[in-house]
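In listed order, ligands and their atoms are each counted from 1. Just so we're clear, the structure is a prediction, and the values are computed from it rather than from any experiment. Hydrogens, waters and symmetry mates play no part in the numbers below; they use all other heavy atoms, side chains included.
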Amino acid sequence: MSKVIQAIRGMNDILPEHTAVWQHVEDTARDVFQAYGYREIRLPLLEKTELFKRSIGEVTDIVEKEMYTFEDRNGDSLTLRPEGTAGCVRACIQNGLLHNQMQRLWYAGPMFRHERPQKGRYRQFHQIGVEAFGMAGPDVDAELIVMTARLWRRLGLHDLRLELNSLGTPQARAGYRDALVTHFEAHRDRLDADSLRRLNTNPLRILDSKEPRMQALIGEAPQLPEYLDAESRVHFEALCARLDEAGVRYEINPRLVRGLDYYGRTVFEWITDRLGAQGTVCAGGRYDALVEYLGGRATPAVGFAVGLERLIGLLEETGAAPGASNPHVYLVLMGEAAEHRGLALAEELREAVPGLRVQMHCGGGSFKSQFKRADRSGAGLAVVLGDEEVAGGQAGIKPLRGAGEQQTVPQSALAERLATLVNAPGQGLGAGPAGRG
Ligand code: HAM
């Protein structure tokens with residue numbers, strides 16, 4: 001027998017027992033974003049490599065070492081998207097969505113980065129991202145953050161803290177960059193290999209180093225707020241004031257610089273301590289220069305992306321994840337007449353009770369074996385149809401979980417009875433929409 005082919009490392013199957021929580025998160029996010037006027041945009045997974053190089057930055061970890069890049073049959077260099085912002089900006093420019101317009105957009109889907117896989121870090125992972133174009137003020141930054149806070153509340157999450165910073169204008173950043181280079185140059189001997197490399201390419205990223213022996217030196221480094229330009233300071237203070245008014249708690253982290261080059265002014269991350277090293281569940285910021293840099297008309301922009309694996313990991317960790325969407329009803333069919341009637345009866349039930357999940361037994365077998373499958377399906381109720389019931393126009397209802405007697409009802413009343421049972425709270429059905437309602 002040939003060897004079973006395995007999935008690619010860091011690229012995971014999401015199995016049926018987990019898809020209910022994914023759907024719950026996706027549905028909730030869509031609902032919340034729509035409540036703020038955001039509309040969905042769907043984007044290709046593949047883009048020209050140049051797009052990511054130009055937007056994310058040549059000397060970032062993503063572009064230097066993490067992209068899935070290859071030549072297609074025409075010899076063009078293509079890359080599987082490592083994030084969604086670049087493609088979203090490209091699509092907006094190409095389709096004229098930004099001409100004197102404000103746009104509030106969201107997207108969802110897989111992203112690809114060749115990182116070292118570990119808990120919360122994968123090579124194919126999923127983001128739900130949001131981008132707002134055409135609004136320069138701190139009001140939309142505040143709106144985005146308030147919107148994420150609402151998403152956490154809707155999902156029942158209370159373990160996330162918000163970190164905030166302002167990177168200022170490109171000029172302010174350049175001044176800060178010089179100050180950092182001077183500081184780290186003076187202590188070259190204390191830099192690790194990664195930081196030495198970054199010193200000449202992207203010194204701000206040294207501040208992101210997780211290397212323990214770098215922390216003291218980073219602590220002594222000049223702080224970004226001292227170099228902030230006046231306008232960015234006003235912008236940032238206004239954002240903080242709005243968050244205070246909205247009751248959103250945050251912590252200003254002057255070392256928060258983000259790993260992508262397109263940011264300026266506001267940057268933020270929502271972080272949890274419950275997932276170990278990969279605790280950033282949502283991250284984003286302002287990128288006012290990117291649209292013009294990619295060939296569009298100058299357009300301010302701000303956005304964020306939620307890492308779904310991490311968000312779902314947190315939901316599961318805190319017990320806030322909904323259960324699987326098991327069938328409500330398992331239809332047990334004994335005998336040939338019942339098997340014939342079963343297909344139509346199941347259709348009638350689905351028609352009569354919208355949302356009712358009916359799983360029909362297929363393949364025959366004894367009562368015992370059918371009930372075993374009914375139990376394994378996770379359904380709360382079995383509907384039993386034998387030749388006798390078919391002849392009498394009746395059906396049996398048997399609770400599969402908790403207490404309750406078997407009852408026989410006319411088929412004409414079956415849908416109504418099932419609807420009552422499935423919707424009744426505390427019936428021990430254990431198979432309702434499992435918190436998804
Ligand atoms: P990012 O910080 O690179 O930003 O990624 C956003 C989120 O995606 C992270 O906070 C994390 O939750 C998740 N994530 C990133 N890499 C991985 C991975 N290898 N495995 C699992 N989850 C991961 C961006 O991508 C920006 N495009 C966000 C943005 C939108 N900024 C403005 N608009």
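Atoms of ligand 1 lying under 4.0 Å from at least one heavy atom of Glu83, given by number and element, are 25 (O), 26 (C), 27 (N). Which parts of ligand 1 touch Thr85 is read off a 4.0 Å heavy-atom cut-off, strictly below it: atoms 26 (C), 27 (N), 29 (C), 30 (C), 31 (N), 32 (C), 33 (N). Residue-ligand proximity, Leu260 to ligand 1, at heavy-atom distances under 4.0 Å covers atoms 3 (O), 4 (O). Remark: ligand 1 atoms within the under-4.0 Å shell around heavy atoms of Val281 are 12 (O). Close contacts between ligand 1 and Gly284 involve ligand atoms 31 (N) [criterion: under 4.0 Å to a heavy atom].
For Asp61 and Arg198, the salt-bridge test passes: some basic side-chain N is under 4.0 Å from an acidic carboxylate O. A salt bridge between Asp375 and Lys372 is absent, with no side-chain N of the basic residue lying under 4.0 Å from a carboxylate O of the acidic one. Using a 4.0 Å cut-off between charged nitrogen and carboxylate oxygen, Arg274 and Glu316 do not count as a salt-bridge pair. The pair Asp192-Arg213 fails the salt-bridge criterion, with no side-chain N (NZ, NE, NH1 or NH2) lying under 4.0 Å from an Asp/Glu carboxylate O. A salt bridge does not link Glu50 with Lys53: every distance from a Lys NZ or Arg NE/NH1/NH2 to an Asp or Glu carboxylate oxygen is 4.0 Å or more. We find that Glu269 and Arg161 are not joined by a salt bridge, their nearest charged nitrogen and carboxylate oxygen being 4.0 Å or further apart. Salt-bridge formation is detected for the pair Glu47/Arg90: a Lys NZ or Arg NE/NH1/NH2 atom is positioned less than 4.0 Å from an Asp or Glu carboxylate oxygen. Remark: Arg242 does not engage Glu237 in a salt bridge, criterion side-chain N to carboxylate O under 4.0 Å. Using a 4.0 Å cut-off between charged nitrogen and carboxylate oxygen, Glu83 and Arg81 do not count as a salt-bridge pair.
Protein heavy atom at the shortest distance from atom 26 (C) of ligand 1 is Tyr262 OH, 3.3 Å. Ranking protein heavy atoms by distance to atom 4 (O) of ligand 1, first place goes to Arg258 NH2, 3.0 Å. Given atom 9 (C) of ligand 1, the protein heavy atom at minimum distance is Thr280 O, 4.0 Å. Here the protein heavy atom with the shortest distance to atom 19 (N) of ligand 1 is Glu115 OE2, 2.7 Å. In this structure, the protein non-hydrogen atom closest to atom 33 (N) of ligand 1 is Glu131 OE1, 2.8 Å. Counting only heavy atoms of the protein, atom 20 (N) of ligand 1 lies nearest to Tyr122 N, 3.0 Å. Shortest contact from atom 18 (C) of ligand 1 to any protein heavy atom: Phe125 CD2, 3.4 Å. Annotation: atom 6 (C) of ligand 1 to nearest protein heavy atom, Gln127 NE2, 3.3 Å.
Of the candidates Arg197, Arg113, Arg205, Arg197 is the only one forming a salt bridge (Lys or Arg N to Asp or Glu O under 4.0 Å) with Glu64.
Distances from atom 29 (C) of ligand 1 to the heavy atoms of Tyr287, Trp270, Tyr263 show the closest one on Tyr263. When the heavy-atom distances from atom 21 (C) of ligand 1 to Ala305, Gly129, Gly120, Gly307 are ranked, the shortest goes to Gly120.
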### Message
Please evaluate residues Ser166 and Ser232 with respect to the criterion side-chain hydrogen bond (donor to acceptor under 3.5 Å, both in side chains), reporting the C-alpha separation (whole Å), side-chain torsions for both, the decisive distance (0.1 Å), and the verdict.
### Response
CA-CA 7 Å; Ser166 176; Ser232 296; 4.9 Å; no

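For ligand 1, the polar-atom distance check against Phe304 finds a nitrogen or oxygen pair separated by under 3.5 Å.
Not a single heavy atom of Glu309 lies less than 4.0 angstrom from ligand 1.
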